[in-house]
Amino acid sequence: MAYDKFSKIISPAVPLQAENVDTDQIIPARFLKATERKGFGDNLFRDWRYNKDGSPKAGFPLNEDKYSGKILVAGKNFGSGSSREHAAWAIYDYGFRVVVSSFFADIFKNNAINNGLLPIVVSPDFLQKIFISIDKDPQAKFMADLDKQQFTILDTNESEYFEINAYKKHCLKNGLDDIDYLVAMKKEIADFEKAK
Amino acid sequence: MTAKTLFDKIWDSHIVKSVKGGPDVLYIDRHLIHEVTSPVAFLGLKQRGLKVFRPDQTTATPDHNVPTENQHLTILDELSRHQVEMLRKNCNEHGIKYHDLQTEGHGIVHIIGPEMGLTQPGMTIVCGDSHTSTHGAFGAIAFGIGTSEVEMVLASQCIMQPKPKKMRITVTGQLRKGVTAKDIALYIISQISTSGGTGHFIEYEGSAITGLSMEGRMTLCNLSIESGARGGMIAPDETTVNYIKGREYAPKGSDWEKALVSWSELKSDEGAQFDMEYTFNADDIEPMITYGTNPGMGIGITGSIPTTENMTDNDKNNFTKSLNYMGYSEGETMLGKKVDYVFLGSCTNGRIEDFRAFAYFVKGKKKSPEVTAWLVPGSRQVEKQIREEGLTEILEAAGFQLRQPGCSACLAMNDDKIPEGKYAVSTTNRNFEGRQGPGARTLLASPLTAAAAALTGVITDPRKFL
Ligand code: SF4
């Protein structure tokens, strides 16, 4: 799926303190009925974000004016549960380009990267520092630098290095996806089949 | 030669190419698709002007959003109907075998694969559904993928994946009466947590595991994902071979003989290295039940909900939030708590053995009038077998009705939603907030524990009736 090339991002962040945020919370199953990849952002965190009558729930970070930005910061084990890629689409469609947590579920992490959404793993301590910084100033800015593989709290200038494999980094920077790569390899794949 | 794990053997033999500094290009033997996670993948193919590379290695069926009543009628929900029609159309266009509603082969993807003999030892199997891990019960590498990856498999029969780490979980001893594969799984997750397996692929070993039937093994491997692991697997043995023999897609004649030889190699070598090891004893496991909003929040049925006494503030907040959602308090016992709904079904516990266990449990007894029970077979085959074995009569005499196959209340995409605030003892795999319907409260348990709750209307130790 085509997505925007990833460059350095400097932005305030939206804090979601909960842990074990599963993909059923990110996008409930009843919103998975679309056959196109469009408009999922409206239902991002649907049941946490809206009351039954459709009015916004007070106190949920996405509903608070003081928070904004392209970075979502969440508690540990983010994205567990269902493999639905709709979770990554919803987060991206809403306008986030980076999710920061101290721990991600495997499938979510793959899905995110495949859709131009960068999952950044930081240490539990650093995650707390980020939350504290947002708590002090909801508009505090952060920097996600893919080149240097560094996430920085700009207020305090504290940084942490994050891992990403070289191939995926290259894909993200150039807006490429695995399908282009695989389709170009069809001959090798056919040879593999013969040798099997 | 260095000693290899079962996982290494299968993974390594499926690498088409290792990308420098990146993932492996992994060849996929079998691909299963359903109506919810495939439409966008087909759309992607179309936009790129691509055809399906190996259509005969993909099998399709609609399961996630289909109604479980009146399947002969048009699907009322417009969006669900559209998804099912898209699947049918996409399969037609690309020459993919499609098992429509009401046909012999229809059912939940992870139930029909093994039933038809599509699932075999040594294979790589993927599907856009996290519980693809079910197929690992046959000694296959099977795991759930996202829609982009579904598109990759359609386009190239490969995906790009970094190789996971390896974990071994050994369960020694023998299961006690009334304790099932579901309880082993919930017990393991309660011990290692819902993120304990992250980054790993699990191999299960030990006498309590090899003693399980194929159905039981599938239940266990199915739930591997709930510990965060990509999947779980069990080395094939006689039980595996006997299950596969004679099934539609099982190898035949001399191919069968060849298959037996190659399957016999599929086990971890003596001294093979795992990144992580756990050992549990089956004697320590009693029927399990969950009390919270993730599958790791489970306890033995006679136990009580933990207290927050020694928790950090952070853990305490998450724990309390979860208990508030469930309407429970710390320290309470689970026995005797009210149950409004019972759901038997899903790819976790929707196989014939689960229906047998449930039916014989309730035989000659009566369903509590306070409980609404939904019994949803995992497939048409299961449904047929239930009828042929005379289980329908037993169930009906006890006040239970069968519905038609599908995922149903496992994820409540169709009309089978547990109403807000109601308690459901469910044989499924996830007790997340709202999983079974907005505001629904799910208690995960085995078919036996579900049956006991259906009879009494409260959480009951199934061993009382055995
Ligand atoms: S029964 Fe539940 S877990 Fe299994 S395939 Fe269907 S939705 Fe997924």
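All chains are named by letter (A, B, ...) in the order of the sequence lines, taking the proteins before the strands, and each is independently numbered beginning at 1. Note that the structure is a prediction, hence the values are computed from the model and not measured.
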## Note on the structure
Looking only at A/R84, A/K168, A/M185, most heavy-atom pairs under 4.5 Å shared with chain B are made by A/M185

### Query
Checking heavy atoms, do the side chain of A/F192, its backbone, both or neither come under 4.5 Å from chain B?
side chain

### Task
Could you have a look at B/G199, B/G228, B/A41 and say which one has the most heavy-atom pairs with chain A under 4.5 angstrom?
B/G199

### Task
Can you tell which part of B/V25 gets under 4.5 Å to a heavy atom of chain A, answering side chain, backbone, both or neither?
side chain

### B/V19 side chain reached by A/Y181 side chain, heavy atoms, under 4.5 Å
yes

### Query
Using non-hydrogen atoms only, which part of A/K52 is less than 4.5 Å away from chain B: side chain, backbone, both, or neither?
side chain

### Query
Measuring heavy-atom distances to chain A, does B/F53 have an atom under 4.5 Å in its side chain, in its backbone, in both, or in neither?
side chain

### Leading residue by heavy atom contact count with chain B [cutoff under 4.5 Å; candidates A/Q17, A/E19, A/R30]
A/E19

### Query
Hey, are the side chains of A/K196 and B/D29 touching, using non-hydrogen atoms and a 4.5 Å cut-off?
yes

#### Entry: Option that, when pairs with chain A are counted at under 4.5 Å, heavy atom only, ranks first among B/N65, B/V16, B/L79
B/V16

### Query
Taking atom CD1 of A/I189 and atom CD of B/Q157, what is their separation to the nearest 0.5 Å?
9.0 Å

### Query
Given that the side chain runs from C-beta out, which part of A/A87 has a heavy atom under 4.5 Å from chain B: side chain, backbone, both or neither?
neither

### Message
Looking only at heavy atoms and a cut-off of under 4.5 Å, which of B/N314, B/T132, B/N294 has the most pairs with chain A?
### Response
B/N314

### Query
Would a distance-only check, ignoring hydrogens and angles, find a side-chain to backbone donor-acceptor pair under 3.5 Å from A/Q25 to B/E433?
yes

### Message
Taking side chain as everything from C-beta outward and backbone as N, CA, C, O, which of these in B/I225 sits under 4.5 Å from a heavy atom of chain A? Side chain, backbone, both or neither.
### Response
side chain

### Message
Are the side chains of B/Q161 and A/N110 in contact, using a 4.5 Å heavy-atom criterion?
### Response
yes

### Message
What I'd like to find out is whether the side chain of A/V183 reaches to under 4.5 Å of the side chain of B/L50, using heavy atoms alone.
### Response
yes

### Contact origin within B/H14 toward chain A - heavy atom pairs under 4.5 Å
both

### Message
Applying salt bridge (charged side-chain N to carboxylate O under 4.0 Å, His left out) to A/K33 and B/D77, what does each step give before you reach the verdict?
### Response
CA-CA 10 Å; A/K33 289 183 180 172; B/D77 181 85; 3.3 Å; yes

### Query
Looking at B/T37, B/N414, B/I145, which has the largest count of heavy-atom pairs under 4.5 Å with chain A?
B/I145

#### Entry: Options B/G434, B/P23, B/A412, ranked by heavy-atom pairs under 4.5 Å with chain A, top entry
B/P23

#### Entry: Region of A/D180 in contact with chain B, defined by heavy-atom distances below 4.5 Å
both

### Side-chain donor/acceptor of A/D106 to backbone N/O of B/T198, under 3.5 Å
no

### Query
If only atom types and distance count, is the side chain of A/N114 paired as donor or acceptor with the main-chain N or O of B/S148 below 3.5 Å?
no

### Summary
If one checks every heavy atom of B/I15 against chain A at 4.5 Å, the contacting part turns out to be backbone

### Message
Taking atom NZ as the centre, does A/K5 end up with more than 12 heavy-atom neighbours from other residues, nucleotides or ligands that are less than 6.0 angstrom away?
### Response
no

### Flag if over 12 foreign heavy atoms under 6.0 Å of CG, A/D145
yes

## Note on the structure
Cut-off 4.5 Å, heavy atoms of chain B, and the answer for A/F103 is side chain

### Query
Going from NZ on B/K17 to CG on A/L182, what distance comes out if it is rounded to the nearest 0.5 angstrom?
9.5 Å

### Flag, side chain of A/E36 to backbone of B/V40, donor-acceptor distance under 3.5 Å
no

### Query
Which answer fits B/M86, side chain, backbone, both or neither, if we ask what part of it has an atom under 4.5 Å from a heavy atom of chain A?
side chain

### Engaged part of A/H170 at the chain B interface, taking heavy atoms whose separation is under 4.5 Å
neither

### Summary
Bottom line for B/S38: the part with an atom under 4.5 Å from chain A's heavy atoms is neither

### Query
In terms of heavy-atom contacts, does NZ of A/K8 have more than 12 from other residues, nucleotides or ligands at under 6.0 Å?
no

### Message
For the backbone of B/Y27 and the side chain of A/E193, can you confirm whether one donor and one acceptor N or O come within less than 3.5 Å of each other?
### Response
no

### Task
Go through A/A88, A/A166, A/P28 and name the one with the most non-hydrogen pairs under 4.5 angstrom from chain B.
A/A166

### Options B/T194, B/I159, B/D315, B/V150, ranked by heavy-atom pairs under 4.5 Å with chain A, top entry
B/T194

